[in-house]
*Asks:* 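Attaching a single structure in structure tokens format; questions to follow.
Heavy atoms only: backbone and side chains are in, while hydrogens, waters and symmetry mates are out. Whatever order the structure lists them in is the order used to number ligands and atoms, beginning at 1.
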Amino acid sequence: MDTRLEGKIAIVVGAGQTPGDKIGNGRAISLQLAREGAEVICVDRLPDRAEETAALIREEGLRAIAYVADVSRAADCEKLVQHVYEQRARIDILINNVGIGRGDAPPHAIEEVAWDKIMDVNLKAMTFTIRHALAVMREQRGGAIVNISSLAALAGHHMVTYEVSKAAVNRLTTVVALANAKYGVRCNAVMPGLIDTPMAIEGIAERTGQSREALRADRDARVPMGRMGSAWDIANAATFLCSDAARYITGVVLPVDGGMAARVG
Ligand code: NAD
């Protein structure tokens, strides 16, 4: 096993997952960071979800604790960082994985309540976990932040808030990278394409009434490589960006999408 993250303290925000028959991005990232040596603070709004991921890690003989926070509240972001710093005296890695789309609509139909909720969870939350983690990372002169964006930042048209929030996540990533490069803090984003996770499959199946098989076949067919990715593809990219192998990489938005971003039209 690669132990390139040995001794690192990692916070994964959105470490639980939507129930389903496949692993989600946040859970896969948490497991992968732990397998490569990090101690993982598994953060979720829902206590059972955070605990389930932490327990899976501990079952492998690795280190993890669960922590409950609603990161759409800036005060929760501050408390989270304070708690980890008090317990471990450092924060090496911050993964911002939460992202929702429920209630979203095309531009002509979007409602204020849905817009505010999605923006708070997808964009404000990330801004404030980063804002507070930066105090620690700048002081220790090092740290790696990875934001989970979406290819929807570049393409789509029917989920105006989700798409705009993810475009903003890409820009947030470069702003944070540039403002903190001289402190040794790196900030990058992973931009997943069509990934076979419960968040996507269960969410869309519920909304559209499509069968899971038909939905999976349809999504596979849209990818140049002929199949959706898995959460492990996202986890591998995020883990690489956190590691010293990526020590000269900052401000990058990395598509992990089987070639979708390379295709225009
Ligand atoms: P998931 O929904 O299964 O897990 C995310 C977790 O975040 C959940 O357990 C949820 O309870 C938690 N969460 C939600 N709001 C929260 C809040 N306010 N505070 C704390 N925790 C909160 O999703 P996942 O599979 O881990 O992937 C999520 C990320 O991947 C999102 O950013 C999403 O936009 C991105 N993404 C996914 C796909 C795909 O096809 N699956 C494609 C592109 C991007």
*Asks:* Run the numbers for me: atoms of ligand 1, each under 4.0 Å from some heavy atom of Ala69, listed by number.
*Replies:*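 Counting from 1, the qualifying ligand atoms are 19 (N), 20 (C).
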
*Asks:* Between Asp44, Leu46, Val12, Val121, which one has a non-hydrogen atom sitting closest to atom 11 (O) of ligand 1?
*Replies:*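 Considering heavy atoms of Asp44, Leu46, Val12, Val121, the nearest to atom 11 (O) of ligand 1 sits in Asp44.
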
*Asks:* Looking at non-hydrogen atoms alone, which of Val43, Asn96, Ile195, Asp257 comes nearest to atom 39 (C) of ligand 1?
*Replies:*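 Shortest heavy-atom distance from atom 39 (C) of ligand 1: Ile195.
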
*Asks:* Among all protein non-hydrogen atoms, which one is nearest to atom 18 (N) of ligand 1, and what is the separation to 0.1 Å?
*Replies:*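 Closest protein heavy atom to atom 18 (N) of ligand 1: Asp70 OD1, 2.9 Å.
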
*Asks:* Apply the test salt bridge (Lys or Arg N to Asp or Glu O under 4.0 Å) to residues Arg27 and Glu52: give CA-CA distance (whole Å), side-chain angles for both, the deciding distance (0.1 Å), then the verdict.
*Replies:* CA-CA 9 Å; Arg27 181 159 293 165; Glu52 204 177 318; 3.3 Å; yes

*Asks:* Please write down residue, atom name and distance for the protein heavy atom closest to atom 7 (O) of ligand 1.
*Replies:*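 Here the nearest protein heavy atom works out to Gly14 CA, 3.4 Å.
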
*Asks:* With a 4.0 Å heavy-atom cut-off (strictly under), which part of Met228 contacts ligand 1: side chain, backbone, both or neither?
*Replies:*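 Neither part.
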
*Asks:* Tell me the protein heavy atom at minimum distance from atom 25 (O) of ligand 1, and give that distance in Å.
*Replies:*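 The closest heavy atom on the protein side is Asn25 N, 2.8 Å.
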
*Asks:* Please list, in number order, the atoms of ligand 1 under 4.0 Å from a heavy atom of Gly24.
*Replies:*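 Listed by number with element, the hits are 25 (O).
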
*Asks:* Heavy-atom pairs closer than 4.0 Å: do any link ligand 1 to the side chain of Ser149, the backbone, both, or neither?
*Replies:*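 Ser149 to ligand 1: backbone contact only, side chain stays beyond 4.0 Å.
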
*Asks:* Which atoms of ligand 1 sit under 4.0 Å from any heavy atom of Arg219?
*Replies:*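 Result: 40 (O).
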
*Asks:* Who gets closest to atom 21 (N) of ligand 1 by heavy atom: Gln17, Arg45, Arg27?
*Replies:*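 It is Arg45 that holds the nearest heavy atom.
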
*Asks:* Nearest protein heavy atom to atom 41 (N) of ligand 1, by residue and atom, and its distance?
*Replies:*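 Sorting protein heavy atoms by distance from atom 41 (N) of ligand 1 puts Thr197 OG1, 2.6 Å first.
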
*Asks:* Identify the protein heavy atom lying closest to atom 31 (C) of ligand 1, giving its residue, its atom name and the separation to 0.1 Å.
*Replies:*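 Closest protein heavy atom to atom 31 (C) of ligand 1: Asn97 O, 3.2 Å.
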
*Asks:* For ligand 1, which is the ligand I care about here, please tell me if Ser150 has any N or O atom under 3.5 Å from one of the ligand's N or O atoms.
*Replies:*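 So ligand 1 has no N or O lying under 3.5 Å from an N or O of Ser150.
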
*Asks:* Just jot down the ligand 1 atoms closer than 4.0 angstrom to any heavy atom of Arg49, in number order.
*Replies:*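 Ligand 1 atoms under the 4.0 Å threshold to Arg49: 8 (C), 9 (O), 10 (C), 11 (O).
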
*Asks:* If you count every heavy atom of other residues, nucleotides or ligands that lies below 6.0 Å from Glu139 atom CD, does the total exceed 12?
*Replies:*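 Not more than 12 within 6.0 Å, no.
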
*Asks:* Could you list which atoms of ligand 1 come closer than 4.0 Å to a heavy atom of Thr18?
*Replies:*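 So the answer, numbered in order with elements, is 1 (P), 2 (O), 3 (O).
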
*Asks:* Around atom 19 (N) of ligand 1, find the nearest protein heavy atom and jot down its residue, atom name and distance.
*Replies:*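 Checking every protein heavy atom, the shortest distance to atom 19 (N) of ligand 1 gives Val71 N, 3.1 Å.
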
*Asks:* Just going by heavy-atom distances, which of Val98, Val68, Asp76 is nearest to atom 13 (N) of ligand 1?
*Replies:*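 Selected option, by shortest heavy-atom distance: Val98.
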
*Asks:* State, to 0.1 Å, how close Ser165 and Leu123 come at their nearest heavy-atom pair, and which atoms those are.
*Replies:*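 In terms of heavy atoms, the two residues are closest at O-CD1, 4.3 Å.
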
*Asks:* Between Gly193, Ala235, Ala200, which one has a non-hydrogen atom sitting closest to atom 42 (C) of ligand 1?
*Replies:*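 Nearest heavy atom to atom 42 (C) of ligand 1 lies in Gly193.
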
*Asks:* If you round to the nearest 0.5 Å, how far is CG of Asp218 from CG of Leu194?
*Replies:*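 Here the rounded value is 9.0 Å.
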
*Asks:* Tell me the protein heavy atom at minimum distance from atom 34 (O) of ligand 1, and give that distance in Å.
*Replies:*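 The protein heavy atom lying closest is Tyr162 OH, 2.5 Å.
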
*Asks:* Record the part of Ala15 in heavy-atom contact with ligand 1 below 4.0 Å; permitted values are side chain, backbone, both and neither.
*Replies:*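 Neither; nothing of Ala15 gets under 4.0 Å from ligand 1.
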
